[in-house]
Structures are given as structure tokens and as C-alpha cells.
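Below is one structure, written out as C-alpha cells, with a few remarks after it.
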Amino acid sequence: MPQLSVIVYGPNAQGHLTELLDSLEARPLPDAEVIVAAVGEWARETAEGHAPETIVVTLPDGTGDAAARAAGAARASGRWLHFVHAKDGLPAGTPRLIAERAAELDGSDTTGTPVDVLLLDHVTTTWQTAAAPSRDGRLLAGAGRADLALDDAADLLRLTPLLGTRVLRAAFWHAHEEQLTTEDEPYAARAALLHAGRVACLNQAAYENRVLRPESLPPLAPEDRFALVDRYESLLALAGDRRTARAVLYDLMVRDLVRTFAGENLPDAVAREFFRRASQAAVRWRPEGHRRPAGLEGVRHALLEEGAYTKYRAFQAGNRARRAARKAVRTRKRQVGAKLRDQQYHRALGRPVDPNLAVFTAYWDRGVACNPAAIAAKLAELAPHIHRVWVVGKDNAALLPPGTDHVVPGTRRYWETLATAKYLTNNVNFPNAVVKRPDAIHLQTHHGTPLKRMGLDQMDHPAAAKGLDFAALLARIDKWDYSVSANSHSTRMWERAYPARYTSLDYGYPRNDVFHTATAADVRAARERLGIAPGRTAVLYAPTHRDYEAGFTPRLDLAALADRLGEDTVLLVRAHYFYGGGSASPLTGLRRSGRIIDVSSYDPVEELCLAADALVTDYSSIMFDYANLDRPVIVYADDWETYRTTRGVYFDLMAEAPGHVARTQEELTEILTSGAWRDESAAKSRAAFRRRFCEFDDGRAAERVVRRVFLGEPEEALPPVIPVDERTPAPTPEEATA
């Protein structure tokens, strides 16, 4: 009996079935079977042309989706069933992830009530866009990895109602097949949760929902519109006396009914009938004590319950008029403000460039950090006559080191400083409006070694690009005079992703100088500031963000990992800066025993690296920096195939990792507890990785940059790069505390 049956069903709509089956055939999974309930000759021919292991169930043209699902399930032998529509897709590697998660659930049932439904995250592809992340990630993250009764997690009913994001236990499907075999897929998706004894979550994008262009599909009949009301009434009836579930469903119903009425361009007769039915349902199913939302949304709800069609239309017209008036006022204010700013900026551009003025900023004006900070510090040492000004957002200004001269974006001094500075240094890009003066120098430092696709190379990965204006990007990079690089790989990738006439500075990353200049006292001080007791092993866990997830979700059960590692190990957990930190961090509730420390907001990150005995990461560029310390690195790659497909990568990290690779938490735990993390095999992999990616980082990168860019010294006068094998990294924590 296989663990998973992937049941592909439906006609070969617009040829998408071919892509889906190709992706499944490319990565066969021993513990899964593929069944194609093929509707029509084209679907049958497509399915039969694939791997012989594929089971094909031939169905005549016109067979509905519900019947096709049932026919596929009847042939399935797996413990779990995953229904995948022929028009949709599966991100690379997801059947394996689903099968492994399902196996965990099979082996962890201690309640006597098994998990019936495994919930997945998804991405959405349209006829215009590709792989946009869903909004479901936060709900799935909030539920965590524990299995739950729906009464304890009714908000999961708010998940996008896609049947493909529900993996059903086969026994559960057969017990409720009659109720779930319906053409109304959104109903089936939510009804499955209402029937389930317990549910569990996999907070990863494991399904691709492909939305076909409406104009390519048959037009909706009035009955199709009214079906939305019937769907919610059926779900509310199914919820029975479960008050929390009914309250959630009622909120969803009223929201969707109002949006459909307001957003669809319905003929008047259809609109009136839809509104009448929606009004009756809103009154009939309103929970006792239910409170309408505040503001305009509450007014809409009241008018719906009142059945006041004419009033609602008048309310809509009034809202449109008010929005148009407010928009005109805002537009006028922006135009006046922009005109004043432009006048001030252009007046400043008429002044001479100040040869002793340098502007620094990092990470979209977050503060003194990264390569710009290391360059600014070395500039103060070697060229104190050059005045340094930092661009810092208003919210971060209070966190600056005392005495730091700074400007806040958008202010008059900000534009005047940018207009007259000789040197402009950034690890991202300056705003489009910044003019490149002929006698000014723009220094691009970057902020990592590229594993993932960057710049123009994101054009083939829309989920990662997220609407990036590539023409504007090219205009920004045309302003660069210099691009700092840590290794030849980066130099080549920057020149490919950011093609322009800048000069590449193969000098190393200035922020990494500290990994060769820090002393044993510096290492001890860093550990003391973090509260790491003497004799403990500190493991830094620093995952990167996913373009297909809404927020940071620890991909490990950190408390369980800490328990397995024992009292002598402390985990330093750092979320990616894209997700912020503070009280909203999902790490806040973890045990504060001193064995798990949330360092998401701790700066500088280089200090965390100095304090750590080992690094656990996934695809974060921190691995390239940490490798300079010649300490163990473990790659935790539980979703490598999905990440590689969604984001795009420049090389196969699985083949060129800086140490051992773990694909599951159990594998990671074994590597850490067995001592394999620092064995000869790990050292050999790390040595090869360091030779390739730590090529120019020798502790004098900032000096080379300052002497070349700010002091104008020739290339041959700069300190030569010390070969990797001849460098002495900072002492390890064990050496520093010996």
C-alpha cells in the first residue's frame, strides 16, 4: 500500500495536463502512485504517453470533475489521497514532502482520533502572472505542526477553498465520499474540514492553482451566481451547533456575498435576485450576538440584511464619488509636494559637488550595517577629512550610534545631501529619482553571495520578481561606478544579472573583515553579550525567506531539537530581516530556558557568527560569510526542489554544499548529536566551498575599497589578497575559552 495516491482528474484544459505529468515523471516517488482520471481523448492520449507506472482511468468527454475524482479514488490504493486538477500544477518535490508529512501523521497518532485532512499552502498562476504566493501562510503558520480539532482552529475555514490543498486520508474519503462528491469544489474543500475529526498543516507551497482566463471559459449563468448563497447555507447547516465554526462561516459568507454583488457587473435582474437571496441568508443564519464590523463594511452588512437594494446602489454611488474626490485631493497634495521637492533637489544639483562628503545607507535605510558600515568605519580611519552622512528611516534614527550624522528620507537636507555628495554608497539601490552626477561616484556593495537568481535573471521567476520594474532596475544600475565582489562567482553573476559599465572590485566583502581580525577576547565578549554560558555549544540557525510564503515560519520544531541536543547546546535563532522581529515574531512564545535564544533583531549579525560554534541554514547567503571562519556549516534543505523552482538558483547547493546536508529534522538531529557536523567529510566539503566562495575575503577588503574609491590609489598599490590556505580566521569559541 503506497503512502500517497496522487489523483489527477479532468480534461487536458489548454494543454496543462502535459506539464503536470511531466513534472511528476521527472521526480518519481517510490512511496506514491499516480492515477489519471482522464476526461476525453486528448487527456487519455496525454496520460498514456507518460510513465508506464501511471494508472489511466479513461472517462468520456463531458464527465464532471466530481465523477472524475470519484473514478480516480476508486482505483487508488494509497493511505492518503491528493486530488490534483489537470489544469493545475505541483511545485517540484512536493509529492515527497506530502508523503513524508503524511507518514509523520500516521506515526504520531496518540489520541485515538486520526488526522483526516492535511492542509497545504499554495501559489497561484494566472494567464498573466506566475506562482504568486497565497495569503494562507499566516493561518497555516499559526496552526503550527500539531494536529488539531477544527473546534480549536476554526480560522482554518478561512483558507482558500481549493480541494487541491486538502490531502485526505483514504478511509476518511470513503466514509464521506457521498457528501464530498460534488461539482462545487469550494464547498467540498470546506466541507472536508467540517467532517474531519482532526486536521494538520504543512506550511509550504505544495500546490499550484492555475486560474484560466475567464474569457476562455463558458460564461456563468445566473444559477452559477446564486450557487454561492446555496453553498454557504449548506456549509452553515453542516456546521451544526459548532458556534465558532458557524461564526467564521457566517463572516465569510457575508463578505463573499457583498464582494460578489459589488464587484460583478451583473445584469439588473440578476443583481436584484442575488441581493434578495443574499439578504435572506444573512438574516436567516446570523449568529446570536453577532456584531457587524465597524465603518463602511458595517453599513454594507446592515443594508444587505435590510434587503435595501436601492439604498445599497445609492450607497455605492456615493462611495465612488467620495473616493474620487479624496483621490483628487491626495493627488493634488502629492503633486504639490513632489514639485516642491523637485525644485529643492534641482536647485541643489546646481551646486558644486562636495569632494569631502560621503553618503552611506544599507538595507533600504535601516541603519549602520553591512558592507557600507565596514567601509565607513575604515574611511574614518584612513580619510577622516571626508564627512560621513547616513540615510536612515525615521523609525530607526533613534537606534543609531551616538554622534552619527544622518538624514531622513524625503526631507530637504536629504535631497540636498544626495545632490552634492561626491560618494554615494549603498548595499541595495538608491531611489529612481536620485540623479547620477558626472563627478559623483556610486559604490554598490551588495549584501551577499548569490545562490538565488537576482536582477534580470528573475524575469523567468515572476513569483520572486513580484512585479519588479526591470526597465527601472536597468536605469538604477547604470548609475553604478563600482560593484564590490567577494568571489569570482559573484563577479560573474553580478555582471550577468546587472549588465552595465561599472567596474567590478574583486576585493572581498568589507563586512567579513572581522572574521579575520577578531581576537579571542572579541569572541568571548560576543558570547557573554548573548548570555551563552561557558562550555556550551552555540548553534546559529539562520534560515532565509521564501518568496512563496507570507511570513517567517520556523521549519524546525525548535523546542524538540533543543531537547534532543541536550543541556550543553544553545540554539541562536535568527529570522530573515524581511520578516522583522519584536513581539510579533513567532519565536516569542518559545521557552526562554537559555537553550533557545531569539536573535532575530540582534545586530550586527557578524557578532552572532563569531559567537557560534556551528551554523545551520538553508539557502541564506550567511553561509558564504560564515565559511570564512572555517567552522562547521550544516544545510537544512527540506524544500530545496520547491525553492529552486520558485526562486531559481545559480548552482546546485546539494552538490556543492559547505558541509553535511539534512533533508528532514531527524537527519539534522542525527548530524548534530552524532558529531558528524565536524567530521572529516564536513571539513573536506567546507574547504572546497571556502576556496570557491571566500576567494577575496582576507580581512583587508574595506581597506582596499577605501584606498581605491575614496583615495584614488591605483590597483597595483593596494594590499594583495592573501590566498585562502594562508589565512588565519578568528579563534573558535572553544579556542577562545580554552
Decide, yes or no, whether a salt bridge links Arg413 with Asp405 under the criterion of side-chain N to carboxylate O below 4.0 Å. yes
Pick from Val407, Leu424, Val391, Val428: which one makes a side chain to side chain contact (heavy atoms under 4.5 Å, CB included) with Thr361? Val391
Is the shortest side-chain N to carboxylate O distance from Lys378 to Glu381 below 4.0 Å? yes
Rounded to the nearest 0.5 Å, what separation is found between the CZ atom of Arg678 and the CZ atom of Arg686? 11.0 Å
Got a list of side-chain donor-acceptor pairs under 3.5 Å for residues 434-442, not counting sequence neighbours?
unit_1 : atom_1 : unit_2 : atom_2 : d
Lys436 : NZ     : Ala440 : O      : 2.8
Lys436 : NZ     : Asp481 : OD2    : 3.2
Arg437 : NH1    : Leu349 : O      : 3.4
Arg437 : NH1    : Arg351 : O      : 3.0
Arg437 : NH1    : Ala419 : O      : 2.7
Arg437 : NH2    : Leu349 : O      : 3.1
Arg437 : NH2    : Arg351 : O      : 2.7

Tell me, please, which residues at least two apart from Arg700 pass side chain to side chain donor-acceptor pair (under 3.5 Å). Glu703
Between the main-chain N or O of Ala702 and the side-chain N or O of Asp513, is there a donor-acceptor pair closer than 3.5 Å? yes
Please determine if Glu641 and Arg96 form a salt bridge, counting it only when a charged side-chain N lies under 4.0 Å from a carboxylate O. no
Taking only residues two or more places apart in sequence or in another chain, which ones pass side chain to side chain donor-acceptor pair (under 3.5 Å) with Asp395? none
Spatial distance of atom CG (Leu468) from atom CE (Met459) [nearest 0.5 Å]: 9.5 Å
Sequence neighbours left out, what passes side chain to side chain donor-acceptor pair (under 3.5 Å) with Trp640? Give chain and number order. none
Minimal heavy-atom distance between Pro450 and Ser490, with the atoms involved, is CD-OG, 3.3 Å
Distance only, no hydrogens: is a donor on one side chain within 3.5 Å (strictly under) of an acceptor on the other, for Asn487 and Thr449? yes
Any salt bridge linking Asp613 with Arg631? Criterion: basic side-chain nitrogen under 4.0 Å from a carboxylate oxygen. no
Test of understanding: with salt bridge (charged side-chain N to carboxylate O under 4.0 Å, His left out), list the residues that count as partners of Glu528, not counting sequence neighbours. none
Test side-chain contact (heavy atoms from CB on, under 4.5 Å) on Phe624 and Leu451; report intermediate values, then the result. CA-CA 10 Å; Phe624 301 98; Leu451 166 62; 4.2 Å; yes
Side chain to side chain donor-acceptor pair (under 3.5 Å) between Asp354 and Thr420: does it pass, once the steps are laid out? CA-CA 6 Å; Asp354 185 344; Thr420 56; over 6 Å; no
Measuring from atom CG of Leu672 to atom CG of Leu561, what distance do you get when rounded to the nearest 0.5 angstrom? 6.5 Å
Just checking, any donor-acceptor pair under 3.5 angstrom between side chains of Ser620 and Thr544? no
Could you report the tightest heavy-atom contact between Ser600 and Arg574, atom names first, then the distance? O-NH1, 3.7 Å
Polar side chain donor-acceptor pair, Ser483 to Gln444, under 3.5 angstrom: no
Side-chain (Glu735) to main-chain (Thr732) donor-acceptor, under 3.5 angstrom: yes
Who pairs with Tyr507 by side chain to side chain donor-acceptor pair (under 3.5 Å), at least two apart in sequence or on another chain? Arg708, Glu715
Specify whether Phe360 and Phe710 have parallel, tilted or perpendicular ring planes, treating 30° as the upper limit for parallel and 60° as the lower limit for perpendicular. parallel
Can you confirm whether the side chains of Asn628 and Tyr509 place a donor and an acceptor under 3.5 Å from each other? no
Looking only at heavy atoms, the pair that brings Tyr602 and Leu608 closest together is CD2-CD2, 3.6 Å
When rounded to the nearest 0.5 angstrom, what distance separates OG1 in Thr617 from OH in Tyr636? 12.5 Å
List the steps, then state whether side-chain contact (heavy atoms from CB on, under 4.5 Å) holds for Met454 with Met493. CA-CA 8 Å; Met454 303 291 290; Met493 295 309 104; over 6 Å; no
How close do Cys370 and His447 get, heavy atom to heavy atom, and via which atoms? SG-CB, 3.8 Å
Could you measure the distance from the CG atom of Asp639 to the CD atom of Gln204? Nearest 0.5 Å is fine. 4.5 Å
Answer yes if the side chains of Asp365 and Trp390 hold a donor-acceptor pair under 3.5 Å, and no otherwise. no
Heavy atoms of Val724 and Cys694 approach each other most closely as CG2-O, 3.9 Å
More than 12 heavy atoms from other groups under 6.0 Å of CD on Glu734: no
Are the side chain of Thr404 and the backbone of Leu400 linked by a donor-acceptor contact shorter than 3.5 Å? no
Quick test of your reading of the model: are Asp698 and Arg704 salt-bridged, counting only N-O distances below 4.0 Å? yes
Residue pair Ala497 / Asp457: nearest heavy atoms and the distance that separates them: CB-OD2, 3.9 Å
Could you go through Val635 and Leu653, starting from their C-alpha distance and side-chain angles, then the distance that decides it, and tell me whether this counts as side-chain contact (heavy atoms from CB on, under 4.5 Å)? CA-CA 9 Å; Val635 174; Leu653 181 62; 3.9 Å; yes
Identified ring-ring contact (aromatic ring centres under 6.0 Å, His included) partner of His489 from the options Phe693, Phe689, Phe696, Trp494: Phe693
With side-chain contact (heavy atoms from CB on, under 4.5 Å) as the criterion, how do Phe515 and Asp697 come out once you've worked through the C-alpha distance, each side chain's angles and the decisive distance to 0.1 Å? CA-CA 9 Å; Phe515 296 145; Asp697 287 339; over 6 Å; no
